[in-house]
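None of the values given here were measured: they were computed from a predicted structure. By convention in this document, chain letters (A, B, ...) are assigned in the order of the sequence lines, proteins followed by strands, and residues within each chain are numbered from 1.
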Protein chains: 2
Amino acid sequence: MIVDIHGHYTTAPGELGTWRQAQVAGRSPSELRISDEQIRESLEGAQLRLQRERSTDVTFFSPRAIAMEHHVGDAKTSADWSRVCNDLIHRCCTLYPKNFAAVCQLPQSPGVAPKNCIPELERCVRELGFIGCNLNPDPSGGNWKDPPLTDRWWYPLYEKMVELDVPAMVHVSGSCNPNFHATGAHYINGDTTAFMQFLTSDLFKDFPTLRFVIPHGGGAVPYHWGRYRGLAQDMKRPPLKELLLNNVYFDTCVYHQAGIDLLLKVIPAENILFASEIFGAVRGIDPETGQPFDDTRRYVEATALSAPDKAKIFEGNARRVYPRWKPAR
Amino acid sequence: MIVDIHGHYTTAPGELGTWRQAQVAGRSPSELRISDEQIRESLEGAQLRLQRERSTDVTFFSPRAIAMEHHVGDAKTSADWSRVCNDLIHRCCTLYPKNFAAVCQLPQSPGVAPKNCIPELERCVRELGFIGCNLNPDPSGGNWKDPPLTDRWWYPLYEKMVELDVPAMVHVSGSCNPNFHATGAHYINGDTTAFMQFLTSDLFKDFPTLRFVIPHGGGAVPYHWGRYRGLAQDMKRPPLKELLLNNVYFDTCVYHQAGIDLLLKVIPAENILFASEIFGAVRGIDPETGQPFDDTRRYVEATALSAPDKAKIFEGNARRVYPRWKPAR
C-alpha cells in the first residue's frame, strides 16, 4: 500500500474562494454551497487522477496551506475560515473514503494563544474522524512574531495532540513579507527553523509521545545533516537520533532524484514518510527526466533502499505516526 | 592551489569585544589597541593552524559575521563598527599576505539606503586592497524588514560593486528574533531566501556582471534543485542555468560527505567555490568519520569529480569571481 501523507485541496471549487473574499472584505458570507458533484469534479482530474497514474492508494488531505492565511483578520476570522475549510475536507473524505484521510487546518491567529485551537482540533478529530493537523510555526505570515514552537505558549495544544494521539505537520501558510516567496522560501525556511527550534529545546522530554512531520523533505535539514549533528554536539546536546528522531519525521516532497537519494541516505528510514504535495506546488514536467517533478514515488523506488525500508516509508511509518488512520475497507 | 573563500575572524582579541561593548553601551570607545603580536597569536592557533593541517593556501577573510549586528544602534554605530572591524582584517592580511585576502563588512543599518555603504566599500577596495564584501540581506537581524535584494533600493550599491568588480557574499548576521537560531536557521534561511529573490527577478538583466556567492552550500537550494527548476518553469522563467548561473555561486560549507556529493552532482562545477567557514561555525570532530565536521576539503576530494573540475572549485572559480584577488608572491 502507498500512503501519501501530504496533499492539499488546492483545486477546491471557486465558491470557496468567493466565500473567503467576502469574509476578508468584511461582508458576512452566505453559507458555502458546493455540491457533491462539484467536489467530485474538482478531485477527479487532479488528485484522484494522479493517484491512479502513480498507483498510490491514499492521500492524507488537508486544506490548501497557502490559503490558511492565519495573518488575515483576527481569531474569529480564522475560526470561521478553518471550520469551512475543514468541513470541505471532511466532505472530500466522505465521498472518497478509500482515497483520502482528513488532516485539519487550525484556527491560529498571530498573538492569540494556541490553546484557542483546541475546540476545532477536537471537533475535527472526535466528531469528523480527522487523523492529524497542520501547525503553522509562524501565524504572522512571514514576520515570525509569535514565540518559537518550543515555548510553553504552545503547550496546551500539544497536550491535546498527545491526548488525541494526532501528529502535526509543521506547515507555514502564505507570506505577507515581500522577502519571502511562499513555496520557494517561506515553506522551506519554516521547516528548517522548526527543526532548529526542536534541536535547541527539551520539548520532547516534556512530551515524549508528541510527533511532528517536517514537510518538504525537512527543508534544508538533511542536506546540512552534518551541520546539525555538529551544532548539537558543540552545544553538548545528545545525538540527534536520540534527541529528536523519536518525535520528528520528514516527508519526501523533494523533487529530484539526487535530493531523495540524500534524504534516504542520511535520515533513518523509520523517520521518513512518503509524500508528494499534490496538487501541485510544482506542476510541470522535468525536462531532464520527462516525468513530473512531483512524482516522488519514482525517486523513492529508484533508490537502493531495501524493500522493507521502502515499505516503512510508503506505509508503515504512516501507520505509526498517524495511528488514528485506518484504511477504509 | 587551494583557495578557501569563506573564513571569518572569529578569534579576534578580546579588546575588539570590549570596544564593541563600550560602543553599544553608548560610551565613546577609546581607540582600539591591539598589537601585531596579539593578532598573530589569535590566528596562529586557529585559522593558520587549520590551513597548515588541511594544506589550504589562502582564506578570503572577513569580520565575524554574527557580530556584524547591523540591527544594533544606527547607521553611525554601524559605520564606526564596520570601519574598526575592516581595519583589523586589513592588518591580518598585511601580516599574512600569503594566507589571507580581505573581504569587508558593510555598514548596513535597517531602513537606511544601501548606497550609504558605498564610501566604506570604496575605502576598503581602493585604499586597502579588499577583494569582496559581505552583504546582509536582512539588516534587521531576523525581522526581515528591508526590501528584497532585488529591489531598486539596493541598486546604487550594486552599481558600485560592478564598477569595482567585486562580488558580495550574501551573509546574514546574528538573529534578534527568538524563532531563528543564528547559525542553525537564520544563516541557512538567508541563503535560501536570497536565491528565491534572484529567481523571481530580472536583477541580472540590469546587472549582467554582478556576482553573488550564496554561502553554506546555497542554504536549502541544491537539495531542492528540482523544486527550484520546477518553480522557475511554472513561472515561465528561463532555465536556472541561463537565469542565474552566470551571476550566482555556491560555496562548499556543507559538513558531511552526502551533502557535498549532492552539491557537486546538481550544481555545475563552474558555480561552486571551495570554502570551510573556518573558524568555526561547527568546531567538533564528527564521531562518524573521526575528522572535523568543517574539513570540507576531504569531502570535495572524496567525490568522483574530475581533476579539472576540482581545480575550478579549489582555485579557478575564485579567480573568476574575485578578479581583484592575486596570490601574494
Side-chain angles (χ1 to χ4, degrees), chain A residues 137-138 142-149 151 177-181 183-186 188-189 191-193 195-197 199-200 216-217 219-231 233-234 239 253-259 261-263 265-266 281-288 293-294, chain B residues 137-138 142-149 151 177-181 183-186 188-189 191-193 195-197 199-200 216-217 219-231 233-234 239 253-259 261-263 265-266 281-288 293-294:
Chain A
D138 172 29
N143 290 314
W144 293 92
K145 288 297 183 198
D146 279 15
L149 288 180
D151 192 278
N177 185 326
N179 280 286
F180 303 129
H181 183 276
T183 53
H186 191 43
I188 307 295
N189 293 350
D191 305 334
T192 307
T193 300
F195 183 83
M196 195 62 198
Q197 291 176 358
L199 190 156
T200 48
H216 321 111
V221 170
Y223 176 49
H224 286 288
W225 197 237
R227 188 179 190 88
Y228 291 104
R229 289 196 293 111
L231 284 171
Q233 182 173 289
D234 285 357
C253 294
V254 177
Y255 295 148
H256 62 149
Q257 188 67 49
D261 288 346
L262 177 136
L263 171 66
K265 184 163 195 176
V266 304
V282 174
R283 298 183 183 222
I285 304 290
D286 184 346
E288 294 183 7
F293 281 107
D294 68 357
Chain B
D138 172 29
N143 290 315
W144 292 92
K145 289 296 182 198
D146 279 16
L149 289 180
D151 192 280
N177 185 325
N179 280 287
F180 302 130
H181 183 275
T183 53
H186 192 42
I188 307 294
N189 292 351
D191 305 334
T192 308
T193 300
F195 182 84
M196 195 63 199
Q197 292 175 358
L199 190 157
T200 48
H216 320 110
V221 171
Y223 176 49
H224 285 288
W225 197 238
R227 188 179 191 87
Y228 291 104
R229 288 197 293 110
L231 285 171
Q233 182 173 291
D234 284 357
C253 294
V254 177
Y255 295 150
H256 62 149
Q257 188 66 50
D261 288 346
L262 177 137
L263 171 66
K265 183 162 194 177
V266 303
V282 174
R283 298 182 183 224
I285 303 290
D286 184 346
E288 293 184 7
F293 280 107
D294 67 359

Return yes if some donor-acceptor pair links the side-chain N/O of B:Gln233 with the main-chain N/O of A:Asp286 below 3.5 Å, else return no.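 Not confirmed, B:Gln233 side chain does not pair with A:Asp286 backbone.
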
Under 4.5 Å heavy-atom distance to chain B, tell me which part of A:His216 shows up: side chain, backbone, both or neither.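 Backbone plus side chain of A:His216, per the 4.5 Å heavy-atom cut-off to chain B.
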
Report which part of A:Asp151 has an atom under 4.5 Å of a heavy atom belonging to chain B: side chain, backbone, both, or neither.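 It is neither, since no heavy atom gets under 4.5 Å.
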
Look at [options] and state which one has the largest set of heavy-atom pairs under 4.5 Å with chain A.
| options | result |
| --- | --- |
| B:Trp144, B:Phe195, B:Tyr228 | B:Trp144 |
| B:Lys145, B:Glu288, B:His224 | B:His224 |
| B:Val266, B:Ile188, B:Leu199, B:Leu263 | B:Ile188 |
| B:Thr183, B:Asp146, B:Thr192 | B:Thr183 |
| B:Ala258, B:Gly184, B:Ala220 | B:Gly184 |
| B:Cys253, B:Gly142, B:Ala185, B:Gly230 | B:Gly230 |

What closest approach, in Å, do [X] and [Y] show between heavy atoms, and which atom pair accounts for it?
| X | Y | result |
| --- | --- | --- |
| B:Tyr223 | A:His256 | O-NE2, 2.7 Å |
| B:Arg227 | A:Tyr255 | NH1-CE1, 3.7 Å |
| A:Ala281 | B:Leu231 | O-CD2, 3.7 Å |

Counting only heavy atoms closer than 4.5 Å, note whether [X] contacts chain A via side chain, backbone, both or neither.
| X | result |
| --- | --- |
| B:Asp138 | neither |
| B:Leu262 | side chain |
| B:Asn143 | both |
| B:Pro222 | both |
| B:Asn179 | both |

With the threshold set at 4.0 Å, does a side-chain nitrogen-carboxylate oxygen contact exist between B:Asp294 and B:Arg283?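 Looking at B:Asp294 and B:Arg283, the cut-off is not met.
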
Would you compute the distance between atom CZ of B:Phe293 and atom CH2 of A:Trp225 and round it to the nearest 0.5 angstrom?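 It is 11.0 Å, given to the nearest 0.5 Å.
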
Within the structure provided, determine whether B:Lys265 and B:Asp261 are in side-chain contact (heavy-atom separation under 4.5 Å).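 SC-SC contact between B:Lys265 and B:Asp261 ruled out.
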
Taking the side chain as everything from C-beta on, heavy atoms only, tell me whether A:Thr193 gets closer than 4.5 Å to B:Asn189.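 Yes; the side chains approach each other to less than 4.5 Å.
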
What residues form a side chain to side chain contact (heavy atoms under 4.5 Å, CB included) with B:Thr200, not counting sequence neighbours?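 A:His181, B:Met196, B:Met235.
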
Counting heavy-atom pairs under 4.5 Å to chain B, which of A:Pro148, A:Gly217, A:Pro147, A:Pro239 comes out on top?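 The answer is A:Pro148.
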
